[in-house]
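Report on the structure given below.
Ligands are counted one by one from 1 in listed order, and the atoms in each one are counted from 1 as well.
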Amino acid sequence: MLCGFFAGVVAGIAMTFAMLLLAWAFDIATPLVILGDRLSVFISPKPFFWIMGRVGGYNHLKQLGVGSSMFGQILVGAIGGMVYGIVRRKDQQIRYRWTFLIFVALPLMVSAILLWPVLGTHYRGIPIDAARLITLLGLAICFLLFERVLVLGFNFLTNRAQAKTATGVEFSPRLGRRAFLFGTLGVLFAGGGAAIARKLFQIATFSYDGTQYKGEGIQPITPNDQFYCVTKNVVDPRVDGGLWHLEVSGLVRYPRTYRILDFKTMELIDQETTLMCISNGLDAGLMSNAVWRGIRMADLLQASSPLAGAERVRLHGVDNYTDTVPFEKATNPTTLVALMMNGVELPDRHGFPARAIVPGYFGEKHVKWLTRIEVTKANAKGFYETQGWGPNFIVPTRSRIDVPYNEMWIKLAEAAKGVPVKGVAFGGDRGISRVEFSSDDGENWDDAKIDYPGTKLGWALWSFNWEPDEIDDYTLVVRATDGDSKVQEFEENRSFTSGITGFHKIVVHVFT
Ligand SMILES: Nc1nc2c(c(=O)[nH]1)N[C@H]1C(S)=C(S)[C@@H](COP(=O)(O)O)O[C@H]1N2
Ligand SMILES: [Mo]
């Protein structure tokens with residue numbers, strides 16, 4: 001049993017090493033990450049936030065997820081090895097066909113069933129159906145390695161020892177030698193695995209997931225390298241343009257597949273559009289503005305002749321991220337498949353080679369690394385929708401004070417000369433028609449100056465020259481009015497899963 005346990009641990013480590021290698025060298029999805037993708041849809045937003053709070057943020061949650069998958073995998077390997085050891089003691093011979101069935105075919109089948117919805121993930125951009133086969137192939141290789149290391153390792157550890165125990169001799173040093181040799185193999189796998197894990201850690205999303213754009217120096221158009229960033233992934237796709245396809249499928253008469261070159265001959269649109277994450281706090285910077293260039297999603301949909309019953313469109317990324325938009329919205333002329341961002345190809349982390357732009361909807365609908373546009377019936381759901389976000393995904397009007405910062409102390413003599421206050425205001429796809437400023441927590445309002453009106457689909461930049469004339473603690477507030485003349489408000493009946501509403505307030509102390 002001990003030998004079985006030992007062989008199981010080493011086999012588990014070998015399998016984990018193989019998974020890391022496949023992920024690193026071939027961008028193949030492995031259970032280490034897709035298990036998390038699969039499970040997180042079952043955790044509804046409230047507990048999800050709670051867990052996130054407990055472990056210290058989304059990044060830590062991801063790290064914890066990968067770490068525990070690795071540990072769990074080795075543990076399951078150890079248990080499998082122990083059971084194998086026990087069975088082997090009773091019944092000396094187990095045919096290869098049995099070990100194959102139990103340690104390769106069975107886990108493969110179970111994983112295929114459990115992980116089916118996320119198998120079509122590939123970080124270099126292979127289309128979904130092919131990616132599913134590749135993921136399964138990768139899994140098969142890993143399980144096969146497990147089985148071989150377990151069986152051969154067990155034989156190696158025990159054949160000599162058994163001969164001796166049969167004649168009543170104690171464990172000989174030779175078993176120790178064998179164990180040492182076999183253990184070395186385990187250490188080698190573990191070392192290799194750790195080296196690859198370190199490489200993957202370097203390119204992981206931990207360093208930039210959650211990047212915000214706010215504060216001093218906000219420009220009308222966010223530079224690409226400062227654009228806010230949110231991703232569900234541990235390691236983001238780096239799509240190979242040559243492998244990548246964009247499919248239009250589902251409820252259409254003519255399913256079609258496009259390659260990057262096909263877009264060169266299509267009509268390209270330039271469109272300034274602001275994106276904001278559904279989880280953006282009132283004072284936070286998960287919001288940025290860019291000029292996107294791309295083709296109209298409507299053109300692609302029409303070319304495929306949607307069928308009756310087409311009510312939603314599900315967008316798929318190569319990272320197996322999905323989200324849905326109403327069919328109406330998908331065919332709106334402002335909904336784009338963007339290929340460029342501020343004049344250059346989309347950067348990898350913002351969705352190279354193509355992403356959806358769905359003005360007025362929260363950032364999550366703007367699917368990055370887009371690879372499939374699937375026309376569906378009304379009940380289709382995406383990643384975060386399954387998790388329980390929504391039901392309202394339309395950006396409510398927002399405004400933020402970027403300067404001065406909260407809890408700032410200003411000398412009265414300085415303040416009396418005028419304190420420049422400025423920030424952004426965003427009205428989804430309704431535009432911004434007015435921004436107001438209050439220095440007494442919303443009792444009195446003054447019109448702010450709109451320095452950059454933006455477009456209907458993007459944010460506006462505003463400023464106000466505030467001249468406090470006495471010593472006090474001031475609560476500064478801003479509120480915006482959208483293009484439909486609707487004033488920003490706190491929507492009491494809106495669940496936080498539809499994004500929070502309210503006003504950004506800061507406190508400024510004027511002293512002598
Ligand atoms: N394929 C894919 N698309 C995605 C995501 C993702 O994890 N995978 N995250 C979404 C979320 S929650 C947001 S807020 C935006 C962020 O886009 P950005 O990183 O380009 O700012 O991308 C959305 N599109
Ligand atoms: Mo988001």
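The CZ atom of Arg296 sits 9.5 Å away from atom CG of Asn332, with the distance rounded to the nearest 0.5 Å.
Note: Tyr321 and Phe383 have tilted aromatic rings, judged against thresholds of 30 and 60 degrees for the angle between ring planes.
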Donor-acceptor contacts under 3.5 Å from residues 32-49 side chains, at least two apart:
| from | atom 1 | to | atom 2 | distance (Å) |
| --- | --- | --- | --- | --- |
| Asp37 | OD2 | Lys232 | NZ | 2.9 |
| Arg38 | NE | Leu114 | O | 2.7 |
| Ser40 | OG | Gly36 | O | 2.9 |
| Ser40 | OG | Asp37 | O | 3.4 |

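Within 4.0 Å of ligand 1, protein heavy atoms belong to Phe227, Tyr228, Cys229, Val230, Thr231, Lys232, Cys277, Asp319, Tyr321, His350, Arg355, Gly363, Glu364, His366, Val367, Lys368, Trp369, Tyr384, listed by chain and number.
Every residue meeting the ring pair (Phe, Tyr, Trp, His ring centres under 6.0 Å) condition with Phe227, not counting sequence neighbours, appears here in chain and number order: Trp292, His350. When the side chain to side chain contact (heavy atoms under 4.5 Å, CB included) test is applied to Lys449, the partners found at least two apart in sequence or on another chain are Asp451, Ser463.
Side-chain atoms of Thr231 and Arg349 include no donor-acceptor pair closer than 3.5 Å.
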